[in-house]
Amino acid sequence: MHGPAMTAWLLLTLCGASAVYCLLRARRCVGEERRTAAGEAVMGFGMAAMALPATVVTPPAWSWAVYAAVFGAAALHALVSVRRGGHHLHHLVGSLAMVYMAWPGGGQVAAHGGHGGGGGVPLVTGALLVYYLAYVLRSGARLVPVAGPAAVAVAGPGGGPAPVWVVRPEFTLVCRLSMALAMLAMLVTL
């Protein structure tokens, strides 16, 4: 790493590219897969915005409230959707992690070693780091190639077939893996 500015630009690029892919996936998929892709796009764009280096644009003092409101609403939506299964529990954890990082005390408490000033990693930050580390390892292991069908044909919104690369399950997994790695990188900086 070449310092915080380079890291921020790399995170911004990674999260922005993942968000664009998720938008393309949402456009081509239907039903639950479409909702999941849209939620991942919101997360990706939010993470990209949070990664924008402060030297480029100094965020206004109230920007934390916007992030907290957007990701608080996303967390409520994920909480309601958890009963449908799928990837919503992960979206709930991710949205709550974004609220935690946006909240004025979240990053500042972590940067100062917790409430007591005794050093170390705060409990919430540590728990999120463990969760995302496990998620990254699990997702990485799932990328190991195995014999099976190449891609599932999904109809696009106009009824025609979607481009194969948009709906490849391994592309979706790489998108999720890259955002989880970015979340880990952001949590480490707290």
Side-chain angles (χ1 to χ4, degrees), residues 4-5 7-23 25-26 32 34-84 86-112 114-115 121-139 172-190:
T7 303
W9 283 114
L10 290 171
L11 286 172
L12 184 141
T13 303
L14 178 68
C15 294
S18 293
V20 168
Y21 170 75
C22 291
L23 274 182
R25 204 172 89 233
E32 190 62 33
R34 178 182 220 139
R35 285 186 287 274
T36 299
E40 290 169 348
V42 169
M43 181 67 71
F45 283 126
M47 290 173 66
M50 286 180 86
L52 185 66
T55 56
V56 174
V57 176
T58 303
W62 49 265
S63 65
W64 69 269
V66 173
Y67 288 126
V70 167
F71 289 106
L76 287 174
H77 182 267
L79 182 63
V80 169
S81 302
V82 164
R83 61 185 156 82
R84 283 185 268 165
H87 208 64
H88 297 291
L89 188 57
H90 176 70
H91 287 174
L92 177 62
V93 172
S95 296
L96 291 174
M98 294 295 284
V99 170
Y100 172 70
M101 287 190 293
W103 203 262
Q108 294 169 355
V109 169
H112 298 297
H115 292 288
V121 177
L123 182 63
V124 174
T125 304
L128 289 170
L129 283 169
V130 168
Y131 172 81
Y132 277 100
L133 183 60
Y135 184 86
V136 163
L137 292 174
R138 183 178 143 257
S139 297
T172 300
L173 189 57
V174 167
C175 174
R176 291 174 179 164
L177 177 62
S178 64
M179 285 198 291
L181 284 168
M183 186 70 81
L184 262 175
M186 288 178 169
L187 286 166
V188 165
T189 63
L190 288 182

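What you see below is based on every heavy atom in this structure, not just the backbone, and it leaves out hydrogens, waters and symmetry mates. Counting from 1, the numbers follow the sequence of the chain as shown.
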**OP:** May I have the step-by-step check of side chain to side chain contact (heavy atoms under 4.5 Å, CB included) for Met101 and Leu128, ending in yes or no?
**Re:** CA-CA 11 Å; Met101 287 190 293; Leu128 289 170; over 6 Å; no

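- The two residues Pro53 and Ala8 make their nearest non-hydrogen contact at CG-CB, 3.7 Å.
- Using a 4.5 Å heavy-atom cutoff, the side chains of Val20 and Phe45 are in contact.
- Atom CE of Met183 sits about 11.0 Å away from atom CG of Leu129, to the nearest 0.5 Å.
- Here side-chain hydrogen bond (donor to acceptor under 3.5 Å, both in side chains) pairs that include residues 68-83, with residues two or more places apart or in two chains, are Ser81-Arg84.
- Between Val93 and Met98 the shortest side-chain heavy-atom distance does not fall below 4.5 Å.
- No donor-acceptor pair under 3.5 Å is formed between the side chain of Ser63 and the backbone N or O of Pro59.
- In this structure a side-chain-to-backbone donor-acceptor pair under 3.5 Å is missing from Ser95 to Leu92.
- Residues Ala180 and Val136 come closest through the heavy atom pair CB-CG2, 3.7 Å.
- For Ala102 against Tyr67, the heavy-atom pair with the smallest separation is CB-CB, 3.5 Å.
- Of the inter-residue distances, the one linking Met179 atom CE with Leu14 atom CG reads 9.0 Å to the nearest 0.5 angstrom.
- At a cut-off of 3.5 Å, with distance as the only test, no side-chain donor of Tyr132 or His90 sits close to an acceptor on the other residue.
- Pairing each heavy atom of Cys15 with each of Gly44, the nearest pair is CB-O, 3.4 Å.
- Distance check, rounded to the nearest 0.5 Å: CD of Glu40 to CG of Leu23 gives 11.0 Å.
- Of all heavy-atom pairs spanning Leu11 and Ala185, the tightest one is CD2-CB, 3.8 Å.
- Of all heavy-atom pairs spanning Ala182 and Met47, the tightest one is CB-CE, 3.6 Å.
- Once rounded to the nearest 0.5 Å, the distance linking CH2 of Trp103 with CG of Leu96 reads 12.0 Å.
- A distance of 11.5 Å separates NE2 in His91 from CZ in Phe71, rounded to the nearest 0.5 Å.
- One finds the CG atom of Leu79 at 9.5 Å from the CG atom of Leu89 (value rounded to the nearest 0.5 Å).
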